[in-house]
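Here the structure is laid out as structure tokens; the discussion comes afterwards.
By convention here, the first residue in the shown sequence is residue 1. On a predicted model such as this, the values are computed, not experimentally measured, just so you know.
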Amino acid sequence: MSETGATAVAYERKGYGRGLILGLTMAETMLLLVFCLLLAAGAIIAKKQKQTAEAQKIAQSLKQESRKLGEENKRLLAQLNEMVKPATGRNVPDQQWRELVLAKETIETIKNAGVSVQELVKNAPVTKILSDNDVDAEQARAMIERTKVLTEFGYVGTAKTLKDLSDALKKADAPVMAAKPHDWPPIISLSELDGYNFDIGSAELSDRFRTRLRDLSKTIAGIATSYGVDVIEVIGHTDEQAMSGQSSNMDKGLQPVLAGKVEIGTLHPADNAGLGLARAISVTSILREMPELKGFTILPMSGGQLILPGDHLTNGAQAGDVKARRRIEIRVRQRSRETDLAAGVGSKS
């Protein structure tokens with residue numbers, strides 16, 4: 001009987017031990033978990049209360065600032081009324097006050113854009129004409145650049161009135177009429193005399209040269225489009241100063257440069273014909289990057305030292321350092337359809 005009782009007590013102790021966690025009963029463990037959850041909830045509530053208090057503080061600050069601005073607005077309106085009333089015999093209505101404030105803000109915006117109110121008023125008729133014809137700032141800038149180029153080559157140099165200018169532009173690029181038999185596109189000449197410089201014996205472009213080419217791309221595209229042509233020729237010309245006599249790598253190096261795999265500086269022309277071609281390739285590589293000239297075929301060519309400005313062959317009498325001869329000429333023309341068909345290439349759509 002004693003053995004049976006001992007066994008029962010031992011079993012109960014074993015079962016009781018199974019109900020303990022780290023020496024705590026299940027009930028005590030649950031109470032501990034609930035206490036931890038309450039602590040976490042209290043921390044979250046405290047954080048939310050702090051955020052709410054900060055938000056209320058900010059809102060109160062904004063409300064006070066708004067009240068101050070309103071009082072300041074009333075004070076300024078009262079001062080304005082005091083100044084205006086003796087002259088007009090009445091106060092400034094709220095609507096007029098709002099218009100005055102808007103006018104002040106508009107004037108500040110005009111000044112920040114770098115234009116004076118007097119200049120804006122003076123140019124208002126021009127602005128109205130551009131607006132009526134849906135011409136934006138970029139289009140106006142391109143038209144001005146184009147007119148400069150045409151003026152440089154004598155196409156609009158004699159225009160004295162707006163009608164003269166319009167007639168000259170029509171004659172120069174025939175934007176709305178079919179090209180006449182002798183109505184040829186202008187030739188754009190980029191001469192060292194005008195700041196389009198290369199280093200001696202080099203075909204690499206300076207940053208300034210690159211920038212001016214990018215600005216000129218819209219003018220080139222405008223001329224080509226006006227005449228309905230699809231080929232742009234870039235021709236490099238040099239003076240007659242002899243090269244240093246280094247060996248040329250032009251035959252092997254041209255294609256990698258044209259493909260954009262290597263820089264133009266890797267080309268080493270040995271004569272002026274090669275130097276003119278290398279410089280034309282350098283300019284061509286920039287023009288091909290311009291979105292305005294996408295779809296046009298741009299061909300680099302060389303005139304070397306043979307062709308003087310004005311399209312005359314040299315007689316060798318102008319040897320030496322002549323800046324006017326060191327130039328890039330840009331011409332536009334229509335693709336030769338007959339040649340394409342004979343070669344089996346096909347015409348361009």
Do I232 and T297 come within less than 4.5 Å of each other through their side chains, counting heavy atoms only?
no
All heavy atoms of L275 vs all of S202, minimum pair found to be CD1-O, 3.9 Å
A280 versus G236, closest heavy-atom pair with distance:
CB-N, 3.8 Å
Output all residues satisfying side-chain hydrogen bond (donor to acceptor under 3.5 Å, both in side chains) with D207, sequence neighbours left out; order by chain, then residue number.
none
Validation: residues 34-62 side-chain donor-acceptor distances under 3.5 Å, sequence neighbours left out:
residue, atom, partner, partner atom, Å
T52, OG1, K48, O, 2.8

Please list, chain by chain and in numerical order, all residues satisfying side-chain hydrogen bond (donor to acceptor under 3.5 Å, both in side chains) with R333, sequence neighbours excluded.
E233
Between the side chains of E292 and S217, is a donor N or O closer than 3.5 angstrom to an acceptor N or O?
yes
Provide the closest heavy-atom pair for P309 versus A324 in the form atom of the first, atom of the second, distance.
CG-O, 3.5 Å
Has T225 got a side-chain atom pairing as donor or acceptor with G222's backbone, closer than 3.5 angstrom?
no
Using modelled atom types and a 3.5 Å cut-off, is there a donor and acceptor pairing between side-chain atoms of D230 and backbone atoms of R335?
yes
Tightest non-hydrogen contact, residues V332 and A224, listed as CG1-CB, 4.0 Å
Applying side-chain hydrogen bond (donor to acceptor under 3.5 Å, both in side chains) as the test, list every pair that has at least one member in residues 263-276; sequence neighbours left out.
T238-N272
Got a sec, which pairs hit salt bridge (Lys or Arg N to Asp or Glu O under 4.0 Å) with one end in residues 274-290, sequence neighbours left out?
none
How is the hydrophobic cluster of L267 composed, in terms of its other members, when Ile, Leu, Val, Met, Phe, Trp and Tyr link through side-chain heavy atoms under 4.5 Å apart, directly or indirectly?
M250, L254, V257, L258, V262, I264, L277, I281
Go through the steps for R327 and I307 under the test side-chain contact (heavy atoms from CB on, under 4.5 Å), then give the verdict.
CA-CA 11 Å; R327 66 200 187 279; I307 305 173; 4.1 Å; yes
Which residues share a salt bridge (Lys or Arg N to Asp or Glu O under 4.0 Å) with D321, sequence neighbours left out
R326
A side-chain contact here means heavy atoms from C-beta on lying under 4.5 Å apart; do H237 and R325 qualify?
no
L299: hydrophobic cluster co-members (side-chain, 4.5 Å):
V231, I235, M301
Residues which pass ring-ring contact (aromatic ring centres under 6.0 Å, His included) with F209, listed by chain and number, not counting sequence neighbours
Y196, F198
side-chain hydrogen bond (donor to acceptor under 3.5 Å, both in side chains) partners for T211, two or more places apart:
none
Apply side-chain contact (heavy atoms from CB on, under 4.5 Å) to the pair I328 and I188, showing each step before the final yes or no.
CA-CA 8 Å; I328 295 290; I188 299 174; over 6 Å; no
Separation between CE (M290) and CD1 (I298), nearest 0.5 Å, reads 9.5 Å
Evaluate the side-chain contact (heavy atoms from CB on, under 4.5 Å) criterion for residues I220 and I330: first the C-alpha distance (whole Å), next the side-chain angles of each, then the deciding distance (0.1 Å), finally the verdict.
CA-CA 8 Å; I220 299 171; I330 299 176; 3.7 Å; yes
Of the non-hydrogen atoms in G274 and P269, which two are nearest, and what is the gap between them?
C-CB, 3.5 Å
Please enumerate all residues that pass side-chain hydrogen bond (donor to acceptor under 3.5 Å, both in side chains) together with N197, with sequence neighbours excluded.
none
Taking everything shown except L69 itself, do over 12 heavy atoms lie less than 6.0 Å from its CG?
yes
Which pairs pass side-chain hydrogen bond (donor to acceptor under 3.5 Å, both in side chains) with one or both residues in residues 300-316, sequence neighbours excluded?
E240-T314, D311-R331
